[in-house]
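Side chains are part of it too, since the values below use all heavy atoms of this structure and drop only hydrogens, waters and symmetry mates.
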Amino acid sequence: MMLSWRRRRDTARLARKNKLNDDDSHDNLEMEILVPIHFRCPISLDLMKDPVTLSTGITYDRESIDKWIEDGNQTCPVTNQVLLSIDQIPNHFIRKMIQDWCVENRSYGIERIPTPRIPVTPYEVSDICKRIVAATQRGDHKKCKELVLKIKYWGKESERNKRSIVDNGAGCVLAAAFESFAQAISSSSTVEKYADLLVEILSVLVWMFPLGGEGQTKLGSVISLRCMLWLLKSNGDLSARQSAVLVLKELLSLDQKHVNTLVEIEGVIQALVELIKEPICPASSKASLMVIFYMISPSAISHKIASIFVELGLVSLIIEVLVDGDKSICEKALGVLDHVCDSKEGREKAYENALIIPVLFQKILASELASKFSVSILWKLCKNEKREEGGVVAEALQLKVSALQKLLILLQVGCDESTKEKITELLKLLNLCRTKLDCIGSSMDFRYLKKSY
């Protein structure tokens, strides 16, 4: 019995000793991995990955001080002195010390920070722009492509590089180069010759919008738009088609006159419908829908254009998109369908599709924009339909009561005045037809819907 007690005592002592050793080692570990104060950014208090020194002599992490300056601050965060210059000098000495410290403490799980790339300077951007202009004037497409690829590489390195490239006028230079080489295309052989260069220019221009006035003019010319259409229709080259439609979307969003120029080019409508029918990626599908949206927005020729889209089967394609698409693409598809239903041909095609009413009610309350467009389309379909059994109104009444209740909920949660008026008129139309159809119980009555919600 005495022996058993002694064993328990020794075991308890050993456990207490091990616990003390564990606590000491844990404290030592915490002390070992404590980051030296001069390695921390004064703004974020994190280990600096790209230390730079301002004119005040204080060193910060480049990402943190960039955000500080972009937020409109004009003083040094530590000294509160006004910054006479926002130039940032890379502090190679501190960065090397941080890297050495990371290596020394790698046994504690600290990874060595990579040597940061130096951001592109305004001088470098201006210089490469001059060289692109010179290569364009000589018609040297190989040299021009080499320089464009260098700009593309700079842009991939960081968002800071992209801002520097855009701010120093590269967009206008590339737009002029695109128009110049597009104009040089006169036969199939030269098309293939310049195709790679034109695609690379468009892939860079995608993130350079909005361009300046001159750049928009160059890129929105008939010559440039025809070339974009040729790339849009190119078989097999998916990157060319994607870049072309993305640039078209950005261009048309800036000025209606580009829409008027584009619609006059033969084959553009068919090419856009083909992108919806055989999508490349979500981004290109959304861009295609936006281009179509701009083209059929109310104007003197919008009804004619919408009729052509309808003949090519756009209505059924849009409904397919609405069935499976995410919120963003559905909002754009609903916007297009709303404009299409302004025309008689568009509404007739919508009436023929059995999914139109269920899908539209499903999209109500999905988002503010989706609700607005869905209500507008339902209103146009119900208002312009001949009052016959089996029509759109009858189909709406045959849905579950919860589908119609969405309209009432939308009134209660809030929407713009135009949508409120359309919902009220929709409910009145449904109530008028309710008495003719034995679809909904007598308790569902909208006759007294007059007051504003």
Side-chain angles (χ1 to χ4, degrees), residues 25-131 147 150-173 204 206-212:
S25 63
H26 184 264
D27 292 340
N28 290 336
L29 179 61
E30 288 186 344
M31 291 177 62
E32 288 292 339
I33 62 173
L34 184 66
V35 179
I37 189 65
H38 53 286
F39 289 173
R40 294 177 180 268
C41 174
I43 298 175
S44 65
L45 301 181
D46 294 329
L47 182 68
M48 291 187 286
K49 297 178 180 179
D50 187 6
V52 292
T53 303
L54 297 185
S55 57
T56 56
I58 307 298
T59 299
Y60 302 92
D61 192 47
R62 189 186 295 275
E63 183 179 352
S64 298
I65 195 61
D66 278 347
K67 188 176 185 306
W68 170 268
I69 294 172
E70 286 171 7
D71 288 343
N73 298 296
Q74 299 179 350
T75 58
C76 175
V78 172
T79 65
N80 206 30
Q81 295 178 9
V82 175
L83 295 173
L84 301 178
S85 170
I86 60 172
D87 291 341
Q88 302 167 8
I89 302 173
N91 194 325
H92 299 297
F93 180 72
I94 290 291
R95 189 256 305 159
K96 187 66 171 62
M97 288 177 64
I98 293 173
Q99 288 177 326
D100 291 343
W101 177 84
C102 290
V103 172
E104 291 172 2
N105 292 276
R106 63 178 179 272
S107 59
Y108 299 111
I110 298 176
E111 296 182 0
R112 180 181 181 275
I113 62 169
T115 302
R117 298 182 182 276
I118 300 175
V120 63
T121 63
Y123 172 78
E124 289 176 305
V125 177
S126 299
D127 180 65
I128 203 169
C129 285
K130 292 176 183 177
R131 293 165 66 190
L147 297 171
K150 189 169 185 178
I151 289 180
K152 187 176 182 178
Y153 175 76
W154 283 345
K156 286 182 177 180
E157 283 188 344
S158 68
E159 290 298 318
R160 177 188 174 91
N161 280 358
K162 284 185 178 180
R163 290 194 299 271
S164 180
I165 292 167
V166 171
D167 292 343
N168 288 277
C172 184
V173 171
V204 175
V206 167
W207 47 264
M208 289 193 177
F209 282 88
L211 303 174

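- Looking at residues two or more places apart in sequence or on another chain, you find a salt bridge (charged side-chain N to carboxylate O under 4.0 Å, His left out) between Glu159 and Lys162.
- Residues forming a salt bridge (charged side-chain N to carboxylate O under 4.0 Å, His left out) with Lys96 (at least two apart in sequence, or on another chain): Asp100.
- Summarising the geometry, atom CZ belonging to Phe39 is positioned 11.5 Å from atom CD1 belonging to Ile37; distances are rounded to the nearest 0.5 Å.
- A donor-acceptor pair is defined here as one N or O able to donate and one able to accept, closer than 3.5 Å; no such pair exists between the side chain of Asn105 and the backbone of Ile110.
- Annotation: the span from Arg117 atom CZ to Trp154 atom CH2 amounts to 13.0 Å, rounded to 0.5 Å.
- Partners of Val103 by side chain to side chain contact (heavy atoms under 4.5 Å, CB included), not counting sequence neighbours, listed by chain and number: Arg106, Arg112.
- Of the N and O atoms on the side chains of Glu124 and Ser164, not one donor lies less than 3.5 Å from an acceptor on the other residue.
- The backbone N or O of Val125 lies less than 3.5 Å from no partner atom in the side chain of Asn168, so there is not a single donor-acceptor pair.
- Atom-to-atom distance recorded for Asn161:CG and Tyr153:OH is 10.0 Å, nearest 0.5 angstrom.
- Atoms NZ and CD1, from Lys49 and Ile113 in turn, are 8.5 Å apart once rounded to the nearest 0.5 Å.
- When the shell of 6.0 Å around CD of Gln74 is examined, it contains 12 or fewer heavy atoms from other residues, nucleotides or ligands.
- By the side-chain hydrogen bond (donor to acceptor under 3.5 Å, both in side chains) test, Glu70 pairs with Arg163, sequence neighbours left out.
- Ser126 pairs by the side-chain hydrogen bond (donor to acceptor under 3.5 Å, both in side chains) definition with nothing, not counting sequence neighbours.
- Under the salt bridge (charged side-chain N to carboxylate O under 4.0 Å, His left out) criterion, Arg95 pairs with no residue at all, not counting sequence neighbours.
- Every residue meeting the side chain to side chain contact (heavy atoms under 4.5 Å, CB included) condition with Gln88, not counting sequence neighbours, appears here in chain and number order: Val52, Leu54, Arg62, Ile65, Asp66, Ile69, Arg160.
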Practice problem: Apply side chain to side chain donor-acceptor pair (under 3.5 Å) to the pair Gln99 and Thr115, showing each step before the final yes or no. | Solution: CA-CA 8 Å; Gln99 288 177 326; Thr115 302; 3.1 Å; yes
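- Applying the salt bridge (charged side-chain N to carboxylate O under 4.0 Å, His left out) rule to Lys67 yields the partners Asp71; only residues at least two apart in sequence or on another chain are considered.
- Pro77 places a side-chain heavy atom less than 4.5 Å from the side chain of Tyr60.
- Across every non-hydrogen atom of Val35 and Trp101, the tightest pair is CG2-CH2, 3.8 Å.
- Here Thr75 pairs with Trp68, Asn80, Val82 under the side chain to side chain contact (heavy atoms under 4.5 Å, CB included) rule; sequence neighbours left out.
- Between Pro42 and Val78, the shortest heavy-atom contact is CB-CG2, 3.6 Å.
- To the nearest 0.5 Å, atoms CD1 (Ile98) and CE (Met48) are separated by 4.5 Å.
- Of the candidates Ile151, Val120, Ile165, Ile128 forms a side-chain contact (heavy atoms from CB on, under 4.5 Å) with just one, namely Ile151.
- Residues Cys102 and Leu47 meet the side-chain proximity criterion, which asks for heavy atoms closer than 4.5 Å.
- Residues satisfying the side-chain hydrogen bond (donor to acceptor under 3.5 Å, both in side chains) test with Arg131, not counting sequence neighbours, are none.
- Residues Cys172 and Leu211 form no side-chain contact, since every pair of their non-hydrogen atoms from C-beta on lies 4.5 Å or further apart.
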Self-check item: Pair Leu83-Cys76, side chain to side chain contact (heavy atoms under 4.5 Å, CB included): steps then yes or no
Solution: CA-CA 6 Å; Leu83 295 173; Cys76 175; 4.1 Å; yes
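- Listed by chain and number, the residues in a side-chain hydrogen bond (donor to acceptor under 3.5 Å, both in side chains) with Asn91 are Thr53, Thr59 (sequence neighbours excluded).
- To the nearest 0.5 angstrom, Asp61 atom CG is 11.5 Å from Leu45 atom CG.
- Not a single side chain to side chain contact (heavy atoms under 4.5 Å, CB included) links Lys130 to another residue, sequence neighbours left out.
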